[in-house]
Amino acid sequence: MSRVADTIIIGGGVVGCAAAYYLAKAGNSNVIVLEGTKSIGHGGSSRNGGGVRQSGRDVRELPYAMYGIKNLWPNLSEELGVDTEYTQKGNLRLGKTEEHLKKLNTLASNAQSVGLDVRMVDAKEVKEICPYLADDIIGASWCPTDGHANPLTTTLGYYKRSLEMGVKYYTDAPVKELRKIKGKVRQVVLNDGTVFEGESIILAAGYESREIARTVGVDIPMTRLIDEALVTEMQPHMFDIMLGTAGGDFYGHQAHHGSFVFGSDSGYEVVTDMKDPSAMETNSLTLSASCRAIMSYVPALKDAKIVRSWAGWLDNAFDGVPFISRVDEAPGLILACGFTGHGFGTAPAVGLMLSQMVAGEETVVDISALRYDRFKPIR
Ligand SMILES: Cc1cc2nc3c(=O)[nH]c(=O)nc-3n(C[C@H](O)[C@H](O)[C@H](O)COP(=O)(O)OP(=O)(O)OC[C@H]3O[C@@H](n4cnc5c(N)ncnc54)[C@H](O)[C@@H]3O)c2cc1C
């Protein structure tokens, strides 16, 4: 296969695969995707909780989160030829204390200011929306257009469709460094020294993007955190909404086949020395803490058995929103990383915008607030 393309994408997660698909859809299928592991979607993209939400987001992310939910998610299964299991039945973000409600209220007001349909509901309405929840929940934010989807089939769909349209994928192709030619980032070098070359380079390798960008002198301010997830045995159908909590104890939903999928940032970092980032383990200490939180909000699940658990790394930007940006000092390079644990729901919109950036077009919404150089020195 050729090692020269118009666009080289580093990282075969949902963001890289979606960018490849929208490039090919726009007629630019001379694209190579380089994935460091043996399988597409090996990172967060096949390990996440499937939340496709707008509520609870930073206002800088909302315009494209809302764009994707209105324009891309509804027809995605049809478009990609897979069942993404996209379900748009709303999201309750639950609170048990006045402090929780205050936090939810601020998030809801911020989101309303940019046009999101989200409002606070009291304990009675929470129970009307979802009767399976605990009696000590005193209120929630309610966003009726939020939902969830299946991350595995969605990532697979973008991969398969773009492959059919001519995109070339290399797995087992870990990128070590970028190189500039005549001042422009053009070359992508693998660990074994193989060199790929492209006009545009999209860097969508999760946290590893930081190491790769450093090779052309760009530091991306993000860190690495682990998130854990679990799936229960199949349950009778209870509800189709997505759940979250003000305190971030857990998030989750009931999948189409009946199992519940929950995720949580359960503090694994505290009980491990995290020496080996490739060891994506779960832990009985931290997962049982997540289970206690889940049972305290959804008592109907107290006897549900867990059939599997897993973990994945998050690329946490220091201010909680991603870097989707060209880089002035490194022309040719486009960053797409730092998704801070909520980049699955926005992947279709991000993939589309990346394809527009490569083509030199305006993006569907303004994302200048996500530039890599938004951090300013503290005076
Ligand atoms: C447990 C968990 C639950 C989550 N829940 C949600 C949720 O409910 N909703 C939501 O929106 N988001 C959620 N997220 C976050 C979401 O999964 C990510 O934001 C999203 O998948 C980001 O996609 P990506 O393609 O940028 O990253 P990834 O899927 O991590 O893809 C990056 C790819 O780059 C590859 N790579 C790394 N280094 C190199 C290299 N040197 N060379 C080549 N390739 C390389 C990796 O192997 C990987 O395949 C969750 C994440 C986790 C871990």
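When a ligand or atom number is given, it counts from 1 through the structure's own listing order. Quick note: residue numbers are just sequence positions, from 1. Computation of the quantities below employed the complete heavy-atom set of this structure, encompassing side-chain atoms and omitting hydrogens, waters and symmetry-equivalent molecules.
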The side-chain hydrogen bond (donor to acceptor under 3.5 Å, both in side chains) partners of Glu329 (sequence neighbours excluded) come to Tyr372

Residue, atom and distance of the protein heavy atom nearest atom 51 (C) of ligand 1 read Leu314 CD2, 3.4 Å

Between Asp249 and Arg292, does any side-chain N to carboxylate O distance fall below 4.0 Å?
no

Nearest heavy atom to atom 27 (O) of ligand 1, choosing from Gly43, Ser45, Pro151, Gly338, belongs to Ser45

protein heavy-atom neighbour closest to atom 36 (N) of ligand 1 works out as Ala205 CB, 3.9 Å

Compute the shortest N/O to N/O distance between Gly345 and ligand 1 and return yes if it is under 3.5 Å, no if not.
-> yes

For atom 35 (C) of ligand 1, the closest protein heavy atom turns out to be Glu35 OE1, 3.3 Å

Requested in this report: Report yes if the distance between the aromatic ring centroids of Tyr207 and Trp313 is under 6.0 Å, otherwise no.
Outcome: no

Atom 18 (C) of ligand 1: closest protein heavy atom, distance to 0.1 Å, is Gly343 N, 3.9 Å

Nearest non-hydrogen contact to atom 30 (O) of ligand 1 from the set Gly206, Gly44, Gly252 belongs to Gly44

Restricting to heavy atoms, the pick from Glu208, Lys176, Glu211 nearest atom 38 (N) of ligand 1 would be Glu208

The option among Arg53, His42, Met242, Arg47 carrying the non-hydrogen atom nearest to atom 2 (C) of ligand 1 is Arg47

Under 4.0 Å between heavy atoms, the region of Ala204 that gets near ligand 1 turns out to be backbone

The complete set of salt bridge (charged side-chain N to carboxylate O under 4.0 Å, His left out) pairs with one or both residues in residues 167-178, sequence neighbours excluded, reads Lys38-Asp172, Glu177-Arg179

Tyr22-Tyr158 aromatic ring centre distance below 6.0 Å = yes

